[in-house]
Amino acid sequence: MRVKLCDLKKQYKSIEKEIRSTVQRVLNETSFINGKDVIQLEKEFARYCGTRYAVGVGSGTDALEISLRVLNIGKGDEVIVPTFTFFSTASAVCYTGAKAVFCDVEEDTGNIDIEKLERYVKRSKKVKAIIPVHLFGQHCNINGIMRIARKYRLKVIEDSCQAHGALYRRAGRWIKAGSVGDTACFSFYPAKNLGAYGDGGIIVTNSKKLYTKMKMLRDCGRSSKYAHQVLGYCKRLDTMQAAILRVKLRHIDSWNKARRRNAGLYAKLLNNSGVHPLEVRKYAVPVYHQYVVRTRMRDRLRDHLSGRGVMTGVHYPLPLHLQPAFRFLGYRKGDFPVSEKLSKEVISLPMYPEIASKEIRFVCKEINKFHNKI
Ligand SMILES: *Cc1c(COP(=O)(O)O)cnc(C)c1O
């Protein structure tokens, strides 16, 4: 058997007809930039998240950078980010001239540790914002973060790039990822829970002021065709991707449901297998962008699985404070022991909505075999 980590083809085949007719329509309309599908997607995605506004942009990374810019973060400011996340959460901060201040994570979920976070906030007057990440599709303790943010008057940008549709229990209601921060950023990278057929991203917000500024910033600082109010960028979401995403948005809830069903099967079959799935908090209903387990024998288990035709991933093999690109920030090995430990123990098992339960059974059987041999 060959089991892929992620298989985009199965999903494409399941919606091929809708996609083909949509692509054909956009080709006939020839309104490739700022077309009506972009406006429609923004309305539909904002409604999906439970926010007032959304602004389509070129990628999740662009979404983060534009969010920071409209919140006036730049040189002299500090922004707290987890060190155990994807590169862009921190690179976007550095693009603005602000300093990324790394924070360690909780060992059982991989999400930012809010006790440590509050300590950094207390220590430095320069901290202006926090970018919490809903890692692998599970909410971080966003209530705790909002409480700290209010207490110290900080901005919050939710990095929801892995968490389209993830739920969080707040004041007795289930709310969607991205609905409480000043802004929230989503990526439409093809392998994300909601993926385009190319690059794309979106920012959601409840603030009309931020919305208006973000629309200008993504499109050359324009207020009209040749009136450029600010030094904006060319970071737009194109019409073709927006149209494709509108088709896919209609399926996201059923795809997330399938991911949760797959995660449930993994959890059941991996009981007593020697590997430990990340914990799920009571306040969260995750959408399993990745299905991540921990083991001290990570590299040997990966070799075993790959020999049996099972592809796996490691998210992430190196915490950001140890990445060469961030050397200039002056961090060292040992600064964030939990993240460093996780980066040696985590393994991402095959996970996508269409994976067959017999494939999951095969993966789990091989993991059990591996551990019984040792
Ligand atoms: C994917 C991702 C990004 C960046 O998204 P792109 O669309 O690739 O720019 C940022 N943060 C996190 C946590 C991500 O997973």
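For the single chain, residues carry numbers from 1 onward in sequence order. First listed ligand is number 1; within each ligand, the first listed atom is number 1.
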TODO: Would you confirm whether Arg246, through its side chain, and Gln40, through its main-chain N or O, come within 3.5 Å as a donor-acceptor pair?
DONE: no
Polar pairs, ligand 1 vs protein, N/O only, below 3.5 Å.
residue	atom	partner	partner atom	Å
ligand 1	5 (O)	Ser187	OG	3.3
ligand 1	7 (O)	Gly60	N	2.8
ligand 1	7 (O)	Ser187	OG	2.6
ligand 1	9 (O)	Gly60	N	3.3
ligand 1	9 (O)	Thr61	N	2.8
ligand 1	9 (O)	Thr61	OG1	2.5
ligand 1	11 (N)	Asp159	OD1	3.4
ligand 1	11 (N)	Asp159	OD2	2.8
ligand 1	15 (O)	Gln162	NE2	2.8
ligand 1	15 (O)	Lys192	NZ	3.0

Task: Residue pairs, two or more places apart or on separate chains, that pass side-chain hydrogen bond (donor to acceptor under 3.5 Å, both in side chains) and touch residues 260-270 - done: none
- [ ] If you link ILVMFWY side chains whenever their heavy atoms are less than 4.5 Å apart, which other residues fall into the same cluster as Val285? By chain and number, please.
- [x] Leu167, Trp174
TODO: Would you tell me whether Asp253 and Tyr48 have side-chain atoms, one donor and one acceptor, within less than 3.5 Å of each other?
DONE: yes
TODO: Would you check if Glu354 and Gln11 make a side-chain contact, meaning some heavy-atom pair closer than 4.5 Å?
DONE: yes
Task: Tyr189: hydrophobic cluster co-members (side-chain, 4.5 Å) - done: none
